[in-house]
Amino acid sequence: MDKEIKERVFAASYQKSEEGKEELYNYEKNKIHGVDDLANYNSLTKLPVLRLFNYKSSEIVKAYPELRYAVIVMDITQFKAVNEFLGRSEGDRLLLFIAGCLNDYVENRRFTVAGHMRADNFCLFTAYTNEEELSDICINIKRRIKTLSFAYRVIISFGICACPDERPAIPYLKDCATLALSEVKGKYYADYCFFRDEMRTNMLREKLIESDILVGLEQGEVVPYIQPKVDMITGRIIGGEALVRWKHHDDGLISPAEFIPVIEKTGIIINVDRFMWSRIFAYQKRVIDEGRTPVPLSLNVSRMHSVEDKLAHRILGMQERYEVPSEYLILELTESAFAMDEKNMNEQMKELRRSGFCVSMDDFGSGYSSLNMLKSRELDEVKIDKEFLSDMDNPKCRIVIRNLISMLKELDVKMIVEGIETEKQKEFFLENGCNRAQGFLFYKPMPLDEFDELMKKESR
Ligand code: C2E
Ligand code: MG
Ligand code: MG
């Protein structure tokens with residue numbers, strides 16, 4: 001640290017003691033035991049470890065509170081693979097190269113500290129005047145890494161937290177930069193990302209969902225709704241889809257579109273799906289026990305089930321327990337369920353189809369679904385996605401739908417269209433020979449009891 005900074009730090013800490021905040025400052029200082037302690041430096045790159053990085057950066061903030069500061073964190077995608085494929089010494093060479101780039105900034109840019117947190121995680125603290133300077137640092141480091149002759153394509157990602165406030169807390173800046181990093185990490189099309197406040201809000205929301213969903217399951221906040229499916233010619237209900245609803249004790253109804261992606265990350269979706277399936281099996285059994293004939297109900301099967309090889313076993317186990325014939329249940333999967341472990345998923349579906357279950361491909365035409373899957377998968381039905389319907393004024397879109405319908409007919413795959421909201425859409429699909437539909441024009445998803453009442457009325 002240069003002399004000028006040291007003097008300003010001394011003056012600032014003296015002022016601080018007058019404010020009565022010196023205790024905290026001393027505590028931090030004692031933790032460091034002196035900046036020359038070897039334990040405060042990474043043994044390979046000799047860059048400060050996190051503790052010293054925080055300390056040195058805080059000293060600068062204290063000395064120059066009027067400046068604006070940023071923290072950049074960086075991470076190499078699949079650094080482990082570098083070590084595994086090329087050997088540890090090549091991995092070390094890469095880390096030393098990055099440390100060299102960071103040291104250049106420390107030497108040539110004032111108010112800058114570099115840190116090496118662990119393995120392939122580095123950070124840089126620096127004062128800045130505009131955000132472009134910060135993105136330029138990332139672009140420059142990336143460019144320099146490209147010049148390194150290396151037998152592996154190194155992808156480095158950066159998260160930046162540029163703090164407009166005076167006297168920011170360094171660990172907070174670093175956490176925010178890490179959050180921004182997670183937005184771009186491993187993505188080939190983006191190099192860096194600036195922290196925005198909504199990232200923190202989203203993160204907190206995700207944490208709330210993660211921590212509350214299991215309690216919600218136990219306490220009856222998670223319930224099945226059913227959206228009826230209809231035959232558009234007769235208007236009769238021909239089935240239904242089970243859709244999960246979460247009535248959170250404080251936040252009210254949380255949509256599955258919001259909480260399912262979160263619980264898919266943690267695997268808790270498996271619990272939610274099993275809960276939903278057992279409720280639907282139990283309901284179908286009740287209908288049969290009351291002497292009525294159930295309509296087939298669809299169960300959504302998250303793609304996360306593709307990692308377990310007991311999916312078929314579990315569903316068959318439930319069937320045995322509730323004694324519901326397979327014809328009254330349909331399994332809805334999206335193509336992504338096959339993308340993760342295609343071989344396993346095909347085997348599971350084969351077994352379930354052998355036992356009489358119908359497999360339906362959900363959201364066909366949205367995202368990444370490919371025509372190729374129509375010929376190769378274990379498939380009985382295709383659900384045409386509502387995405388198609390949003391663009392039906394486009395003549396090309398109508399050509400695609402028309403031909404999709406005729407192709408499905410020729411392939412002898414059943415079909416149903418999802419998301420019908422208008423008479424015009426209904427007419428178009430009827431004219432082209434697709435009679436089965438699910439959509440708000442007919443029914444919205446409703447609680448199980450309401451669906452039951454509706455079915456009782458229908459059968460009268
Ligand atoms: P999905 O399986 O494709 O379900 C159909 C979604 O389209 C439902 O949204 C339904 O309410 C909505 N929908 C139906 N007709 C219309 C319409 O005419 N207009 C519009 N705008 N929307 C319509 P929902 O219930 O919000 O569920 C969203 C997604 O969450 C589902 O899409 C499914 O992927 C997932 N999901 C819901 N429940 C479960 C579940 O129990 N397990 C799993 N794994 N996923 C579920
Ligand atoms: Mg579905
Ligand atoms: Mg769908």
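Please read these numbers as outputs of a predicted model, since none were measured by experiment. Whatever order the structure lists them in is the order used to number ligands and atoms, beginning at 1.
Nearest to atom 18 (O) of ligand 1 by heavy-atom distance, out of Y443, Y225, F442, F440, is F440. Closest heavy-atom approach to atom 30 (O) of ligand 1 within the set P224, S255, P256: this belongs to P256.
Of all the heavy atoms of V272, none lies under 4.0 Å from any atom of ligand 1, so neither backbone nor side chain is involved. No part of K444 comes within 4.0 Å of ligand 1, judged by heavy-atom distances. Using a 4.0 Å cut-off between heavy atoms, I260 contacts ligand 1 through its side chain alone, with no backbone atom that close.
Residues passing the side-chain hydrogen bond (donor to acceptor under 3.5 Å, both in side chains) test with S135, sequence neighbours excluded: none. Among residues two or more places apart in sequence or in another chain, the side-chain hydrogen bond (donor to acceptor under 3.5 Å, both in side chains) test is passed with K174 by none. Looking at residues two or more places apart in sequence or on another chain, you find a ring-ring contact (aromatic ring centres under 6.0 Å, His included) between Y69 and F125.
Each of the following atoms of ligand 1 lies closer than 4.0 Å to a heavy atom of G439: 15 (N), 18 (O).
The number of protein N, O or S atoms lying under 2.8 Å from the Mg ion (ligand 2) is 4.
Distances from ligand 1 to the non-hydrogen atoms of E241 include at least one value under 4.0 Å.
Protein heavy atom in closest approach to atom 8 (C) of ligand 1: L243 CD1, 3.8 Å.
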